[in-house]
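Keep in mind that this is a model prediction, so the values were computed, not measured.
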Amino acid sequence: MKKRQARYVRHALGMIMAAASPLPLMAQTAPASAPSTTVPADEEPILPNDEFNARLPGADSVDDKADSKAPLPSIDDWLDQQMPAQAGVQGSAPASGTAPAPAPSAELPPATEPPVETELAQPLPALDSVTVPENVADDDSAEKTPEVRYATQLDGFGKTGLEDEFRAASALIDGKGKAETASMVQQRAQADEQLAVRLFHSEGYYDATALASLDQQQDGTLKAILSVTPGKRYKINEIVIHAPETIPPGLIRDSLTLKTGDYIVATAVEAAEANVALKLPERGYAFAKIGDRDILLDPATVTGDYTLPVEPGPRGTFRTITTSGEKQAFGADHMAVIARFDKGDLYDSRKVDDLRKALVATGLFASVAVDPVQTGEPGPDGTEYVDLHVDQEAGPARRLAGELGYGTGQGFRAEGSWTHRNLFPPEGALIASVIAGTQEQGVSGTFRRSNAGKRDKTFQAGAGVNHQKYDAYEAFTLGLNASWSRQSTPIFQKRWTYTYGGEILLSNENTTIDESGENKRLTYFIGALPVQVGYDRSNDLLNPTSGFRANLRVSPEASLQGNVSPYVRASFDLAGYYPISDSFVLAARTKIGTINGVARDDVAPSRRIYAGGGGSVRGYGYQELGPKDANNDPIGGRSVNEFAVEGRYRFGNYGVVAFVDAGQVYESQIPQFSDIRYGVGLGGRFYTNFGPFRADIAMPINRQPGESKFALYIGIGQAF
């Protein structure tokens, strides 16, 4: 090793010395004691010996003996000594304080003398003083690497049915045949190799291989070829579950939706295991754990033995609800009212999820979580008690809401409300509302208790003052009302809904008594006991696209104006929704209404039946259909029928609607189904998270004197 290092050092030294001396002076590396070189007789010496020796340092002044024992100078010192000497040979001035070398008697031939580069001796300029010409910089920045184009070829997918799925995730396909470099194409091809193998493995082709290659085409483009060999597809052979016995027996195996002979498909296996994790908590096993599966493949039989360990944990029953949180909306006792289970009921995760949704539906929480807690305490029938812990954080209790609409004949109508949803805990809300419109104004206050003593039961009581002025009547009304109800919410769309209660109205109204056009202002004292029942099989509360809805309302009433006049107001609505395609829905509705037991003129005008407008028969003004007085103003009737057909086409967040509406109001108690009036129109929809924004324009068919050429309706929600 030392020998090699020495050889390397000597070689390096020789290189340094050669670089430090001009090529013609290489003879200087010869020792002073070397014998003189004999010059052939026919050649003149380049430098005679006498002159060469004269240029050597004076040997007379040097003690040869002493010099032979002195250490060799360092290479740095040697270079420092040589550089001035060479500079003097090239004509440079000697360093200050250094005596110039004696001038030789004969100069070297000019042809062998290197050219003098005076600029090389100048110091380098500072980096920040160097500028690049603007045109040069522009040329450099404009240069772009040529784009690499390539084609993709897939071989071997055959009848596996996986080519489309592969193309959807392929890096080569996603690149659309363009790349910055060929190396990038190669990286994409390698990524697709791994993708193909993973894809085939996920479908049971565990012997699958994939190979990617790049070929240069005659036109200069690349072709990326991915060749796959699926191999045979493995099937499930034996299914083994390692778990203790459950109640009922075989619960785990029945929940595992795998059977011998099925292909080993990753999504099917994961779905089967997820079903076990879902079913066990639904049957009492709140703390079940699914272990890691094991599949042992046998290439000889092209099958795999499937093994799954499961720890079901104790079988549990519900006990109590506990709660925590720095800011709580209400306590565990009210949560027990909302819950759909009692102490001792078998644990069911579906009831836990239902409680969580019901708490969210109150709108009182910023965050809420419901989790089972293992107690270790024995319950009934060999079970173990499970508590539910609710971690809650109350949200803002106050809310402002608004609604704006316009209808021909009804004008503009704006309604705003302020709500404190938990002013009287638990879930005791106070609501203040204001209506401001061109033809209606009013204020009201309402107290509402949600989940009042029972899940989904709401008690509501309120009072309001209202003024309405339409062509049919003008009324100043003071009202009191109270009701109990079970209604749908955006989170819980209920199949059956109901409302029952009572109301008392004091109304001063200016109305037309009969067709003669005589007007009178009368005061009515009205009592009513309305009942409403609904049945909803539609798929969405705000924007249904399938199913149907039915609603029946019956209100026994008595009107005191001189004499007491009892009567019954009733109506039935039916709406259906049929999806023609994913983007087109055909909707239809019908309504029949009646007032029985009293003459029309004995019914307060505000309680009579009217038709026409955005929620009734479009193409006509609000309350415009039906009997009219001598001034051509509507006076209302005792029966009605309405029909509508609507085609709804949606594209993204937008939609268009074409519709035909029909209907009529009659003075008789039973609808006559004659003299039907029709309206046709188009509408636009803008779909939002809180429902569609609606704008409809319609025109009446066979327009009568006094009726508008068209009617415009703007609001929120579908027409029906």
Under 3.5 Å, side chain of [X] to main-chain N/O of [Y], donor-acceptor pair present?
X    : Y    : answer
K591 : D573 : no
Q392 : A329 : yes
R549 : L541 : yes
R694 : Y713 : no
S565 : V598 : no
Y535 : T497 : no

Centroid-centroid under 6.0 Å between Y622 and Y470 rings =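 Distance test on ring centres: under 6.0 Å, yes.
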So, F424 versus F447, ring centres under 6.0 angstrom or not?
->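 Between F424 and F447, the centre distance is under 6.0 Å.
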More than 12 heavy atoms from other groups under 6.0 Å of CD on E377 |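 Buried by this count: over 12 neighbours within 6.0 Å.
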Report, as yes or no, whether the 6.0 Å neighbourhood of atom CZ on R685 holds more than 12 heavy atoms from other residues, nucleotides or ligands.
->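 Yes, because the 6.0 Å sphere around CZ of R685 holds more than 12 heavy atoms from other groups.
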Just wondering, do [Y] and [X] contact through their side chains at under 4.5 Å, heavy atoms?
X    : Y    : result
M335 : F330 : yes
Y347 : L388 : yes
S559 : R607 : no
S349 : E282 : yes
L542 : Q493 : no
L359 : V390 : yes
N631 : D471 : no
R521 : E474 : yes

Tell me whether [X] is salt-bridged to [Y], with the criterion being a basic N under 4.0 Å from an acidic carboxylate O.
X    : Y    : answer
R618 : D696 : yes
K469 : E440 : no
E642 : R589 : yes
R413 : E403 : no
R449 : E427 : no

Ignoring hydrogens and angles, state whether a donor on the side chain of [X] or [Y] is under 3.5 Å from an acceptor on the partner side chain.
X    : Y    : value
T322 : D387 : no
Y567 : E557 : yes
N539 : T545 : yes
T499 : S485 : no
S324 : H389 : yes
E707 : Y620 : no

Donor-acceptor contacts, no H, no angles, side chain residues 453-463, under 3.5 Å, sequence neighbours left out:
unit_1: R455; atom_1: NH1; unit_2: I338; atom_2: O; d: 2.6
unit_1: R455; atom_1: NH1; unit_2: D354; atom_2: OD2; d: 2.9
unit_1: R455; atom_1: NH2; unit_2: D354; atom_2: OD1; d: 3.2
unit_1: R455; atom_1: NH2; unit_2: D354; atom_2: OD2; d: 3.1
unit_1: D456; atom_1: OD2; unit_2: R340; atom_2: NH2; d: 3.0

Just distance, no hydrogens or angles: give the donor-acceptor pairs under 3.5 Å from side chains in residues 649-659, sequence neighbours left out.
unit_1: R650; atom_1: NE; unit_2: G652; atom_2: O; d: 2.8

Name the one of V352, L346, T383, D342 that satisfies side chain to side chain contact (heavy atoms under 4.5 Å, CB included) with F318?
->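 Of V352, L346, T383, D342, side chain to side chain contact (heavy atoms under 4.5 Å, CB included) with F318 is met by V352 alone.
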Under 6.0 Å from the six-membered ring centre of Y498 and within 45° of its axis: does the NZ or CZ of R486 meet both?
->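 Not satisfied by the 6.0 Å and 45° rule.
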Taking the six-membered ring of F720 as reference, does the NZ or CZ atom of R648 fall below 6.0 Å from its centre and within a 45° cone about the axis?
->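 Judged by the rule, R648 and F720 form a cation-pi pair.
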Tell me, with the steps shown, if I580 and V585 meet side-chain contact (heavy atoms from CB on, under 4.5 Å).
-> CA-CA 6 Å; I580 303 298; V585 176; over 6 Å; no
Quick one: do S606 and E509 satisfy side chain to side chain donor-acceptor pair (under 3.5 Å)? Show the steps, please.
-> CA-CA 8 Å; S606 62; E509 303 187 11; 2.5 Å; yes
